[in-house]
Amino acid sequence: MKYTIEDIQEKLRKKLKGSRYVHTLGVEYTSVCLAMKYGENLETAELSGLLHDCAKELPEKKLIQICRDHGERISKMEYQNPFLLHGKAGACLARDKFGIDDANILNAIRYHTTGRPGMTLVEKIVFVADYIEPNRKKADNLTELRRMAFENLDETVLRILEQTLDYLIRTGKEIDRHTVVTRDYYKKLLRSSE
């Protein structure tokens, strides 16, 4: 069954707590704005932004189970920190529960927290939108990042990755290797284009 944007919004409104739902709508809106700027398909960006956190509030055991059931690889770090699986589990739910079969959308959901080298345009859009959406208040340099997002998407991806890694190091939290690999990829990409 094919769901409309409104159907999905309604299902998520019932499923997510208030602040998470407000964040979700912010990412949906920001994804569409960035899609207009960079020429991405608007519906692809909107669905990706809307569904990016569809598994965020599931219990950790459920996240592991969904990933196992769908053959998703789970790293040792993800087993120790199952909340990191919400992107992978979200891609599975988007396919199974919402009928999404577009690999572009599924990958934008899957990689919206860590990113990955060579992200597609919609993957970068959702990655950035998740960080800069209007309801986000806590991250450093939000005003600058919001402006930058509409000027140079790759540079914004790199800045967000660097800020995320700085925060994780400062607070003594574990770092997903995918974030480091992605940061290194975009640093090299931007250097080579100078």
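Since this is a predicted model, take the numbers as computed values, not measurements.
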*Step by step, work out the side-chain contact (heavy atoms from CB on, under 4.5 Å) result for Phe83 and Lys56.*
CA-CA 7 Å; Phe83 65 91; Lys56 181 79 172 185; 5.6 Å; no

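- Using a distance-only test at 3.5 Å, with no hydrogens or angles considered, no donor-acceptor pair links the side chain of Thr30 to the main chain of Val27.
- With Glu40 contributing its side chain and Ala45 its backbone, the two residues share no donor-acceptor pair below 3.5 Å.
- Residues Leu85 and Met77 fall into different hydrophobic clusters, defined by Ile, Leu, Val, Met, Phe, Trp and Tyr side chains chained together at heavy-atom separations under 4.5 Å.
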*Would you sort out whether Arg110 and Glu72 count as a salt bridge (Lys or Arg N to Asp or Glu O under 4.0 Å), showing the intermediate values?*
CA-CA 10 Å; Arg110 179 177 281 110; Glu72 294 282 347; 2.7 Å; yes

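- A salt bridge (Lys or Arg N to Asp or Glu O under 4.0 Å) check over residues 125-139, counting only residues at least two apart or in different chains, returns the pairs Asp130-Arg136.
- In this structure, Arg20 places its CZ atom where more than 12 heavy-atom neighbours from other residues, nucleotides or ligands lie under 6.0 Å away.
- Side-chain contact check for Leu84 versus Glu174: every heavy-atom pair is 4.5 Å or farther apart.
- A donor-acceptor pair shorter than 3.5 Å cannot be found between the side chains of Thr179 and Asp176.
- Note: Tyr79 OH to Cys67 SG = 9.0 Å, rounded to the nearest 0.5 Å.
- Here Lys88 pairs with Glu78 in a salt bridge; the nearest charged N to carboxylate O distance falls below 4.0 Å.
- How far CD1 of Ile125 is from OG of Ser31: 7.0 Å, rounded to the nearest 0.5 Å.
- Between the CZ atom in Phe127 and the OG1 atom in Thr156 there is a gap of 10.5 Å [rounded to 0.5 Å].
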*Could you go through the salt bridge (Lys or Arg N to Asp or Glu O under 4.0 Å) check for Glu123 and Arg116 one step at a time?*
CA-CA 9 Å; Glu123 288 173 38; Arg116 70 171 175 154; 2.8 Å; yes

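- In terms of heavy atoms, Ile109 sits closest to Ala91 at CG2-N, 3.5 Å.
- Leu158 and Tyr111 fall into different hydrophobic clusters, defined by Ile, Leu, Val, Met, Phe, Trp and Tyr side-chain heavy atoms under 4.5 Å apart, directly or through other members.
- Taking CG of Leu58 as the reference point, atom CG of Asp53 lies at 10.5 Å (rounded to 0.5 Å).
- Under the 3.5 Å distance criterion, the side-chain polar atoms of Asn135 are matched with a main-chain donor or acceptor of Val22.
- For the residue pair Leu142 and Ala139, the shortest heavy atom distance occurs at CG-O, 3.5 Å.
- A donor-acceptor distance shorter than 3.5 angstrom exists from the side chain of Asp7 to the backbone of Thr4, with no hydrogens or angles considered.
- Taken from CD1 in Ile66 to CG in Leu93, the straight-line distance is 4.5 Å, to the nearest 0.5 Å.
- There is no path of hydrophobic side-chain contacts, each under 4.5 Å, that joins Leu106 to Leu121.
- In the hydrophobic cluster analysis, where Ile, Leu, Val, Met, Phe, Trp and Tyr join through side-chain heavy atoms closer than 4.5 angstrom, Phe150 is grouped apart from Val126.
- Residues Tyr186 and Pro117 fail the side-chain proximity criterion, which asks for heavy atoms closer than 4.5 Å.
- With a 4.5 Å cut-off on side-chain heavy atoms, Glu144 and Arg159 count as touching.
- Considering all non-hydrogen atoms of both residues, Leu161 and Thr114 come closest at CD2-O, 3.7 Å.
- Taking 4.5 Å as the limit, some side-chain heavy atom of Leu51 sits within range of a side-chain heavy atom of Ile100.
- A salt bridge is absent between Glu57 and Lys15: the closest approach of a Lys/Arg side-chain nitrogen to an acidic carboxylate oxygen does not fall below 4.0 angstrom.
- Cluster membership check: Val128 shares its hydrophobic cluster with Leu189, using side-chain heavy-atom separations under 4.5 Å among Ile, Leu, Val, Met, Phe, Trp and Tyr.
- Side-chain contact check for Ile74 versus Arg68: some heavy-atom pair is nearer than 4.5 Å.
- A salt bridge links Lys124 and Asp154; the closest N-O separation between the charged side-chain nitrogens and carboxylate oxygens is under 4.0 Å.
- Considering all non-hydrogen atoms of both residues, Leu42 and Ala35 come closest at CD2-CB, 3.7 Å.
- Across Ile5 and Leu50, no two heavy atoms sit closer than the pair O-CD2, 3.9 Å.
- Counting heavy atoms from C-beta outward, Leu34 and Tyr29 have side chains that stay 4.5 Å or more apart.
- Scanning all heavy atoms of the two residues, the minimum distance from Ala108 to Val122 falls at CB-O, 4.0 Å.
- Put simply, CZ on Arg177 and CD1 on Ile175 are 13.5 Å apart, with the number rounded to the nearest 0.5 Å.
- Side-chain atoms of Asn41 come within 3.5 Å of backbone N or O of Glu43 as a donor-acceptor pair.
- Under the rule for a ring-ring contact (aromatic ring centres under 6.0 Å, His included), the partners of His112 that lie at least two apart in sequence or sit in another chain are His52, His86.
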*Could you please spell out the steps behind the side-chain contact (heavy atoms from CB on, under 4.5 Å) verdict for Tyr3 and Lys97?*
CA-CA 10 Å; Tyr3 291 101; Lys97 303 283 187 205; over 6 Å; no

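- Between Arg147 and Glu151 a salt bridge is recorded (basic side-chain N to carboxylate O distance below 4.0 Å).
- The closest side-chain heavy-atom distance from Lys14 to Glu10 is below 4.5 Å.
- Looking only at side-chain heavy atoms (C-beta outward), Tyr131 and Thr164 come within less than 4.5 Å of each other.
- Environment of OH in Tyr167: sparse, with no more than 12 heavy atoms of neighbouring residues, nucleotides or ligands closer than 6.0 Å.
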